[in-house]
Amino acid sequence: MDKLQIKELLNGQKFRLTSERESLLDVFASSSSMLTPSQLYELADKHDINIGLTTVYRLLEVLTKVGVATPFLVDGTIFYAYCGCEHHHHFVCLSCHRVMDIQGSCPSFDVPDNFRVSSHRSDLYGTCSDCQTANDAGCTH
Ligand SMILES: [Zn+2]
Ligand SMILES: [Zn+2]
Ligand SMILES: [Zn+2]
């Protein structure tokens with residue numbers, strides 16, 4: 001999905017993508033890890049993007065609504081990852097919070113008769129290869 005498409009989607013949600021907000025979106029889109037709103041806020045601050053925490057919350061909310069951000073609930077905290085494309089599944093590293101898109105077909109479920117499924121989520125949580133190596137190296141046994 002290109003920037004123009006996202007811009008239009010956001011406009012449809014009455015969220016105008018000003019240049020500061022666009023920079024915020026860029027920072028979010030270039031992060032390989034999932035972020036909490038305050039982590040994104042801090043990251044934006046480091047990039048000298050002058051934006052309030054309320055706007056960060058609002059952007060993430062609107063992006064989620066239009067399907068460009070995906071929320072993940074880990075230990076009671078909501079993290080968000082940028083997802084600029086069609087339906088896919090994720091691998092979430094619980095150690096470094098890296099989120100990777102993974103390949104594979106959608107799982108099948110026994111849906112009760114006459115129930116109409118409109119969407120599903122299927123994400124895997126665990127430890128990425130980098131974090132496993134790091135853990136092994138730190139092991140003194
Ligand atoms: Zn994704
Ligand atoms: Zn990791
Ligand atoms: Zn699926």
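Just so it is clear, the values below take in all heavy atoms, side chains as well, and ignore hydrogens, waters and symmetry mates. Only a predicted model underlies this, so the values are computations on that prediction, with no experimental measurement involved.
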Q) What's the spacing between Y41 OH and T54 OG1 if we round to 0.5 Å? A) 9.0 Å
Q: Not counting sequence neighbours, which residues clear side-chain hydrogen bond (donor to acceptor under 3.5 Å, both in side chains) with H88? List them please.
A: H90, D101
**Q.** Sequence neighbours excluded - salt bridge (charged side-chain N to carboxylate O under 4.0 Å, His left out) pairs with any residue from residues 31-46
**A.** none
**Q.** Residue among L40, N50, L43 satisfying side-chain contact (heavy atoms from CB on, under 4.5 Å) with L24
**A.** L40
Q.
Ignoring hydrogens, what is the shortest heavy-atom contact between C96 and S33? Give both atom names and the distance.
A. O-OG, 3.8 Å
Q) What heavy-atom pair brings F28 and Y80 nearest, and what distance separates the two atoms? A) CE1-O, 3.5 Å
Q: Kindly indicate, with the supporting measurements, whether the criterion side chain to side chain contact (heavy atoms under 4.5 Å, CB included) is fulfilled by V99 and Y82.
A: CA-CA 9 Å; V99 176; Y82 176 85; over 6 Å; no
(Q) With rounding to the nearest 0.5 angstrom, report the CZ to CG distance, F115 to D113. (A) 9.0 Å
Q. In chain order, what residues pass the side-chain contact (heavy atoms from CB on, under 4.5 Å) check against H87, with sequence neighbours excluded?
A. H89, C106, H120
Q) Ignoring hydrogens and geometry, is there a side-chain-to-backbone donor-acceptor pair from S23 to S19 under 3.5 Å? A) yes
**Q.** Contacts of D26 that satisfy salt bridge (Lys or Arg N to Asp or Glu O under 4.0 Å) - sequence neighbours left out
**A.** K3
Between side-chain atoms of residues 60-76 and protein atoms elsewhere (two or more places apart, or another chain), which donor-acceptor pairs fall under 3.5 Å?
unit_1 : atom_1 : unit_2 : atom_2 : d
T64    : OG1    : L60    : O      : 2.7
K65    : NZ     : Q13    : OE1    : 3.4

Q | Contacts of R16 that satisfy salt bridge (Lys or Arg N to Asp or Glu O under 4.0 Å) - sequence neighbours left out | A | none
Q. Taking only residues two or more places apart in sequence, or in another chain, which ones meet D123 in a salt bridge (Lys or Arg N to Asp or Glu O under 4.0 Å)?
A. R121
Q: Give, for atom OG1 of T127 and atom CD of Q132, the distance between the pair rounded to the nearest 0.5 Å.
A: 5.5 Å
Q) side-chain contact (heavy atoms from CB on, under 4.5 Å) with V117: which residues, sequence neighbours excluded? A) V111
Q: Treating Ile, Leu, Val, Met, Phe, Trp and Tyr as nodes and any side-chain heavy-atom pair under 4.5 angstrom as an edge, say whether M100 and L94 lie in one connected cluster.
A: no
Q: Using side-chain contact (heavy atoms from CB on, under 4.5 Å) as the criterion, list what pairs up with Q39, not counting sequence neighbours.
A: L35, T36, F79
(Q) Under the rule for salt bridge (Lys or Arg N to Asp or Glu O under 4.0 Å), what residues qualify as partners of R98, not counting sequence neighbours? (A) D130
**Q.** R21/L59 under side chain to side chain contact (heavy atoms under 4.5 Å, CB included): CA gap, chis, key distance, verdict
**A.** CA-CA 8 Å; R21 288 171 176 188; L59 176 74; 5.6 Å; no
Q. Any link between Y125 and F91 through a network of hydrophobic side chains (Ile, Leu, Val, Met, Phe, Trp, Tyr) touching at under 4.5 Å?
A. no
Q.
Under the rule for side-chain contact (heavy atoms from CB on, under 4.5 Å), what residues qualify as partners of D2, not counting sequence neighbours?
A. L4, Q5
